[in-house]
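Input: a single structure, listed below in structure tokens.
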Amino acid sequence: MNKQQIPPPPPGFVLIDGSGDQAIPPPPPGFEIIPPEEVSAEPKRSGIALNATAGVNDAIYSTLGAPVDLARGAINLGISGYNAATGSDVGHLAPDSFMGKEWIKSLMGDIHPVLDPDNTEATTTSERLARGAGEGVGYTVAPQVALGGASRAIGGKALEAASNFVGKPGSVAAAGRELAAGMGAGVGATGAAELTPDRYDGLAATVGGLGGGVLGAGLASAPALTRAAWNAGKDFIAPVTEAGRQRLAGQRLAEAATDPAAVRQALDEGVDSLVPGSEPTTFQATGDLGIGNLERGAAARRPDLFAQRRADQNAARVTALGGIQEKGAPEAVTRAVREHLARIDGETLGAVEAATQAAQGRAAAIGAGASPEASGTAMRQALEAARAAAKEKERALWNAVDPDGSLALRTDGTKAASQSIMRELPRSAKPMGGEETAVHAALQHYGEVMPFSELTALQSRVKAEMRAERLANGESPAYRRMTQLNQAIEKDLDTAIAGKVAQEAEAVANGAMHEEDTLAFALGLAQSRDRWLDANQRRALSVGGEAGIGTYERGRPSPVPGPPGAERETRGGFPNATGNPRLPGDALQPNFDEGALGRLREARDATKSRVETFDNRTLGPIRRRPGTTSPYDLPAGVVPERIFHAGSASPEAIRRFRAAVGNEQALRSIQEYAVDRVRAAAMDQDGTINPGRLAAWRRRHQEALSAFPELDAKLADASRASEAIGEVVAARKASLAEAQKGKLGALLNVDDPADIVNTVGSVYNRNDSLQQMARLRAAIRGNQEAAEGLKKATVEYMMQRFIGNAEVATSGQAGIRSDQFQSFIRQNNQALRAAGFSKDDVAIMEAIAADLQRANRSIAGVRIPGGSNTAQDAIAAGNRSMSNLGRLLSVIGAGAGATIGPLTSMAGVMGGQAVSAMRRGGLETVDDLVADALLHPGVARLLLTKTQSRPDEGVWKALATHYSRAARVAATIGTEIQADQQQPTPLPKIHLD
């Protein structure tokens with residue numbers, strides 16, 4: 001191992017072989033001892049290319065390790081502060097922290113020594129400049145790549161903002177210019193540090209880097225700068241020529257446009273006039289705000305041109321609006337509406353009259369009816385006639401019972417009942433008197449068998465006395481006694497034949513008589529004899545209370561209690577019973593056979609029927625009167641009410657009346673009365689039935705009307721006919737009310753054309769404008785004059801409402817209120833169609849609204865809300881005083897002339913000013929061209945074709961961007977050099993081999 005790699009040891013020191021065991025004395029001041037294993041075996045490299053590469057790598061490693069190195073530096077700074085404050089000796093973090101710059105260099109050096117910048121040494125100035133150039137390139141590219149990749153991978157606004165700060169070249173050329181600027185900054189920083197003392201290296205590197213960055217950026221952009229200077233010269237003299245002025249005007253339009261491509265496309269597609277004669281400005285046609293701001297400035301310089309354009313546009317709109325409906329009279333609308341109402345009135349009145357006639361016919365169909373008095377008289381007469389006929393028939397039946405007066409029958413039951421009544425009368429009771437006593441006295445003279453006529457005459461007396469007693473005293477004891485006696489007579493009449501049948505049956509049983517010779521056999525009672533006897537016995541029990549009173553048991557006679565001798569007579573039976581079967585003999589024999597009994601029953605049934613039919617509680621009072629010639633107790637006018645009335649008993653009363661007088665007579669008389677009551681209750685003066693009152697009357701009499709279905713049907717028909725009148729009248733009222741509702745009614749009350757116009761126009765202000773206008777149009781349907789008048793009134797209303805008082809320019813024509821007119825058309829589109837305007841008419845209105853909206857761009861499109869228009873217009877108008885280049889020409893002219901003499905110097909000044917004046921005049925012409933282009937989109941389109949592509953337009957901006965990148969590189973290199981200066985100088989190293 002070569003031990004001569006270190007300088008000779010100072011006096012007092014000797015080199016000792018590392019294999020020995022002697023201790024190595026401390027190194028002299030300014031030296032340090034490095035063990036052999038730490039001595040690098042790789043020699044240092046140098047050269048311009050290697051140093052340039054090392055500079056790039058060093059910048060890359062610094063960029064990648066910056067987060068860790070910054071964090072470590074902050075931590076070490078905190079440790080130093082802590083040590084200073086507490087006197088502690090806490091160790092600092094090592095400079096080769098994981099992912100720090102030193103760690104990355106060591107890692108890359110292990111891959112290949114060239115990749116570690118420390119292995120490359122810059123020994124000459126050119127090498128150090130090369131290394132600085134590499135660092136400049138690295139510090140330009142590395143941050144862009146690192147932050148750009150992180151922004152795309154991770155996202156986030158912070159990373160995106162940092163990426164924008166370090167730059168994102170948009171093209172290869174831009175990237176090359178940025179690399180040139182960064183390289184210049186690196187070379188400048190390194191060169192400046194070489195030329196200055198070490199203590200100023202940081203500042204010198206920063207300043208030199210800025211200068212180098214300017215130089216690099218300038219050299220990279222030299223072609224563009226040259227073109228820009230050339231174009232600036234051309235632009236200066238362009239106003240002097242016509243082609244130049246057109247080019248400048250087109251260029252001004254293109255530069256002012258917010259989106260030049262969109263402006264060109266809009267103009268190429270053509271600009272249509274929404275309203276004939278209303279030509280839009282270029283700003284109105286394209287909507288480009290930049291063009292709008294340019295128009296604002298042009299209007300401030302040439303207000304006359306733009307004011308005239310507004311006047312022309314307004315005149316075109318007013319003409320278009322007025323031309324939609326040129327003919328027609330608004331007053332025709334009112335006439336048509338009135339005629340419409342008159343038609344409705346006539347039509348509905350005819351319907352009412354027809355319904356009234358129909359209802360009158362239905363009311364007449366129910367009949368005229370009869371008054372209560374007439375109906376009552378007719379009903380009572382019919383009742384009396386029917387009763388008289390029944391009475392006559394009843395009398396004939398009674399006469400047929402015993403036509404020759406030869407019938408006789410036993411009176412045992414009647415006599416026994418009389419004796420019982422008299423015997424049982426208490427002594428303290430009121431004694432019998434009058435007819436009752438006479439009846440009982442007559443019975444005392446009755447034999448066992450009496451003529452049928454005698455017994456019936458007696459019964460008539462009993463019944464007459466019963467009626468008289470009941471009428472006088474009610475159901476008194478005397479009435480009850482007479483009732484008991486009458487029942488006994490009825491029993492004798494019912495059982496008159498029973499004794500004969502029982503006696504012959506006993507004779508047949510004793511063999512004394514043949515059955516075919518008996519009365520029962522002759523009457524066909526042989527088979528039913530026993531049943532017949534049982535029935536008569538049960539009937540006797542129900543009347544007399546016990547067996548034996550005038551009754552018979554089968555096969556033997558039954559005892560008959562009664563007065564003395566009655567038992568003997570009863571036991572003896574019928575005299576001569578064993579003799580002649582037909583009961584001959586000198587004495588009066590009972591001969592009341594089954595035939596007589598049948599005739600009796602028929603007569604009695606007739607009497608009963610007559611009483612039930614005519615003398616019941618319903619009909620009896622109708623014919624009741626004190627005497628046959630006296631007035632009736634019940635007035636004739638009240639009679640019908642007892643039969644037909646509003647109550648549940650009416651159906652039964654009607655049934656009884658019909659049963660008494662017959663259906664035809666009864667129904668006719670009752671119906672006439674009912675009709676009269678209906679007419680009195682529900683008939684109106686016009687001869688029609690009032691449905692409400694009829695319905696109430698029918699509800700009250702619904703039970704009585706159940707007997708008259710035909711009458712009830714006629715009443716219902718008459719009610720429906722009258723209801724139809726009400727419906728027609730209601731429909732008429734509704735039609736007239738509908739016709740006069742809303743604006744139709746308002747039009748009926750106006751005659752002046754101006755009022756008609758306002759009334760029609762007010763329809764459009766309603767929420768239901770569509771419905772109201774549809775009703776108005778329907779009212780004038782078929783009237784062409786009114787239809788034209790309606791549209792004319794609408795147009796006049798719009799002209800009056802939306803054309804204001806302010807004159808547009810000096811046209812003598814007021815302007816249309818833009819916002820109000822647009823809102824009106826938008827809100828009433830359908831109502832206008834309902835008013836009769838065609839699609840084309842409404843399209844014209846919509847075009848006027850759209851043209852107003854488009855023209856409003858010139859008024860409010862680029863106006864600053866709340867700002868000063870005067871200041872904004874002044875700024876937009878710009879300043880056309882002498883340019884700096886003009887002043888420079890004057891100075892150059894003066895200087896050039898001064899080399900010859902004072903006069904030539906003055907001439908030079910004047911020449912420069914003349915050139916400047918010519919240029920200003922040309923610029924004014926350019927202003928006029930721009931104004932004309934702003935007023936005429938076709939001119940603007942032509943001027944825009946005169947512009948040329950100017951690739952150098954962004955050179956100054958690009959130069960500034962490149963310079964900002966170079967400044968960042970210069971600052972970074974200067975900071976690193978300053979940091980290296982602050983690091984302690986490493987001690988000389990003694991290598992122990």
Taking every non-hydrogen atom, the tightest pair across M845 and M798: CE-CE, 3.8 Å
Side-chain (S762) to main-chain (T759) donor-acceptor, under 3.5 angstrom: yes
Between D288 and I291, is there a donor-acceptor pair closer than 3.5 Å when you use the side chain of the first and the backbone of the second? yes
Using 0.5 Å steps for rounding, measure from the CZ atom of R777 to the CD1 atom of I780. 6.5 Å
Crowded around D268 CG? As in, over 12 foreign heavy atoms under 6.0 Å? yes
Looking at R302 and D928, is there a salt bridge between them, counting it only when a charged N and a carboxylate O are closer than 4.0 Å? yes
Looking at D927 and A298, would you say the former's side chain and the latter's main chain have a donor-acceptor pair under 3.5 Å? no
Pair N828-V763, side-chain contact (heavy atoms from CB on, under 4.5 Å): steps then yes or no: CA-CA 10 Å; N828 293 283; V763 172; over 6 Å; no
Considering residues, nucleotides and ligands other than Q830, do more than 12 of their heavy atoms fall under 6.0 Å from its CD? no
Looking at every non-hydrogen atom in both residues, tell me the closest pair between A933 and A940 and how far apart they are. O-CB, 3.4 Å
Can you list the steps and then say if Q308 with D304 is a side-chain hydrogen bond (donor to acceptor under 3.5 Å, both in side chains)? CA-CA 6 Å; Q308 184 60 46; D304 54 328; over 6 Å; no
Nearest 0.5 Å please: distance from the CZ atom of F306 over to the CZ atom of R296. 12.0 Å
For V808 against A814, the heavy-atom pair lying closest together: CG2-C, 4.1 Å
Short side-chain to backbone donor-acceptor contact, S769 and N765, under 3.5 Å: no
Run R343 and E339 through side-chain contact (heavy atoms from CB on, under 4.5 Å) and show every step you take. CA-CA 6 Å; R343 285 195 304 272; E339 292 171 0; 3.9 Å; yes
Could you check if a side-chain atom of Q325 sits within less than 4.5 angstrom of a side-chain atom of K327, using non-hydrogen atoms only? yes
Minimum side-chain heavy-atom gap V795-M799 below 4.5 Å: yes
Side-chain donor or acceptor of S838 paired with backbone N/O of D841 under 3.5 Å: yes
Do any side-chain atoms of residues 329-338 form donor-acceptor pairs under 3.5 angstrom with protein atoms, and if so which ones, sequence neighbours left out?
from, atom 1, to, atom 2, distance (Å)
R335, NH2, E785, OE2, 3.0
R338, NE, L748, O, 3.3
R338, NH1, D751, OD1, 2.9
R338, NH2, L748, O, 2.9
R338, NH2, V750, O, 3.4
R338, NH2, D751, OD1, 2.8

Using a 4.5 Å cut-off on heavy atoms from C-beta on, say whether the side chain of V930 contacts that of L934. yes
Do the non-hydrogen side-chain atoms of R941 and E269 ever get within less than 4.5 Å of each other? no
For L274, which of D851, L852, I848 qualifies under side-chain contact (heavy atoms from CB on, under 4.5 Å)? D851
Rounded to the nearest 0.5 Å, how far does CZ of R252 lie from CG of L929? 9.5 Å
Would you check if P260 and V263 make a side-chain contact, meaning some heavy-atom pair closer than 4.5 Å? no
Would you please test Q246 and L942 for side-chain contact (heavy atoms from CB on, under 4.5 Å) and show each step? CA-CA 9 Å; Q246 291 181 359; L942 180 62; over 6 Å; no
I need the full list of ring-ring contact (aromatic ring centres under 6.0 Å, His included) pairs touching residues 776-809, with sequence neighbours left out, sorted by first then second residue. F802-F821, F802-F824
With a 4.5 Å limit on heavy-atom distance, are the side chains of Y764 and M773 in contact? yes
Heavy-atom closest contact (I844 atom, A320 atom, distance): CG2-O, 4.1 Å
Would you check, one step at a time, whether the test side-chain contact (heavy atoms from CB on, under 4.5 Å) holds for L289 with N293? CA-CA 6 Å; L289 293 178; N293 190 54; over 6 Å; no
So do the side chains of K839 and R833 get within less than 4.5 Å of each other, counting heavy atoms only? yes
Provide the closest heavy-atom pair for V275 versus A316 in the form atom of the first, atom of the second, distance. CG1-O, 3.6 Å
Rounded to the nearest 0.5 Å, what separates atom CG in L253 from atom OG1 in T282? 7.5 Å
Roughly how far apart are Q827 CD and L770 CG, rounded to 0.5 Å? 13.5 Å
Closest non-hydrogen contact found for R317 with A855 is NH2-CB, 3.1 Å
If you apply the rule side-chain hydrogen bond (donor to acceptor under 3.5 Å, both in side chains), what do you find for E295 with S858, and how did you get there? CA-CA 8 Å; E295 179 184 293; S858 296; 2.6 Å; yes
Can you tell me if Q313 uses its side chain to pair, donor with acceptor, with the backbone of S278 under 3.5 Å? no
Using modelled atom types and a 3.5 Å cut-off, is there a donor and acceptor pairing between side-chain atoms of R854 and backbone atoms of G287? no
Backbone N or O of L790 within a donor-acceptor pair of the T794 side chain at under 3.5 Å? yes
dist K792:NZ -> I756:CD1 (nearest 0.5 Å) comes out at 14.0 Å
Pairwise side-chain contact, R857 with T281, heavy-atom cut-off 4.5 Å (strictly under): no
